[in-house]
Amino acid sequence: MRLVLQLACAASLVVSVACGGSGVAPGTPGGPPIVVRFTHVAADFTPKGQAARAFAELANERSDGRLDVRVFPSGQLFGDRDEIEALQGNNVQFIAPSIGKLISFDPRFQIGDLPFLFSDNAAESRFWDGEAGRALLQSLEPQDIVGLATWPNGMRQLMNRTRPIHTPADTRGLKMRIPSGGLLVDTLEAFGAGASVIPFTDVYTALQQGVVDGTIATFDNIEVEKYAEVLDYLTVANVNSLSYGVLVNKTFWDGLPADLRQILSDAMDEATVLARRLATELDETAMASLKATIDVVELTPEERQQFVDASEGVWTKYTPILGQDLLDAALRVNE
Ligand code: SIN
């Protein structure tokens, strides 16, 4: 399926170029539209999926046929392993990976993965909207990437098939799926568990086949990806937070006519408001619906403190990697 879509996109790129060659540049009033592809790995009806669709609809409507923004959810076009490269190659113009997946550019993108740092979605969004967060996103520009916005997806919880988890003693020996390496490996190891990086679109099968014993995941992904069908225990530990970076290819972005760039930028601002509202609403309702399907452990303050204490070494190791200034900026947004 993914190959077919990639071939179709390559063909439509040829069409755009051909139209340009006929004398009417794509994006010119009365000419063919500029085709803009937005790929992401989450389902269409998640907060990310809905926000991406709203972004596309707003931009298409307001550009009066000059833009044709198309959204490809569920990793149909590119997955975790190739979407960043595809963005840099302008084979796709927008992606929205979880920010920790940008670790290969700079380890500081793991800031949201630091255990028990941000208190909630709003705090992490305040960090990325602030000076330190914006500067970090801007550091992607030499990589031909512009970070336009961040969309939260909630706090990550612990799920597994083996036993209820109340303290780090219960995670000992479990092998857990993580979305990217580095800080998350150290965090799981600090809890006594092992960690394995598995692309998002392969997680359900890996859990079903017992490749790993469990996963860290947000309420949204737990529900939508139906992890409760293959795992028996969910612990609400709020280990860390997941935010997506909405990224656009810089050469494409800079090359757009200014009025179309403004339309996309305004549509992105509105989609961001929607993404943030939906993520927070979902966090408020998801636990109730999950409780109906799976054994849910809500940690007592004493139990949670054991996870916080176990994470101390991770903070010690990552403070110089993230930088004290960045960490201070992150800590301030919780106040
Ligand atoms: C996503 O929600 O887009 C993916 C998150 C993950 O890989 O855990």
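Counting starts at 1 for both ligands and their atoms, following the listed order.
Residue Asn221 has at least one heavy-atom neighbour below 4.0 Å for each of these atoms of ligand 1: 1 (C), 2 (O), 5 (C). Ligand 1 places these atoms under 4.0 Å from at least one heavy atom of Pro179: 6 (C), 7 (O), 8 (O). Heavy-atom contacts of Val41 reach the following atoms of ligand 1: 1 (C), 3 (O), 4 (C) (cutoff under 4.0 Å).
Here the CG atom belonging to Leu102 is positioned 5.0 Å from the CD1 atom belonging to Ile84, to the nearest 0.5 angstrom.
Under the 4.0 Å criterion applied to side-chain N and carboxylate O atoms, Asp295 and Arg163 are not assigned as salt-bridge partners.
No side-chain N or O of Asp113 forms a donor-acceptor pair with one of Tyr318 less than 3.5 Å apart. In the model, Asn334 has a side-chain atom that pairs as donor or acceptor with a side-chain atom of Ser119 under 3.5 Å.
Of the N or O atoms in Lys101, one or more lie within a sub-3.5 Å distance of an N or O in ligand 1.
Smallest separation of non-hydrogen atoms from Pro179 and Leu184: CD-CD1, 3.6 Å.
If you run side chain to side chain contact (heavy atoms under 4.5 Å, CB included) between Leu242 and each of Asn153, Ile99, Asn121, only Asn153 comes through.
Residue contacts with ligand 1: Arg177 is included, with a non-hydrogen atom under 4.0 Å away. In this structure, Lys48 counts as a contact residue of ligand 1, since one of its heavy atoms falls inside 4.0 Å of the ligand. For Asn153, the heavy-atom gap to ligand 1 stays at 4.0 angstrom or more.
The shortest contact between atom 2 (O) of ligand 1 and any protein heavy atom is with Tyr244 OH, 2.5 Å.
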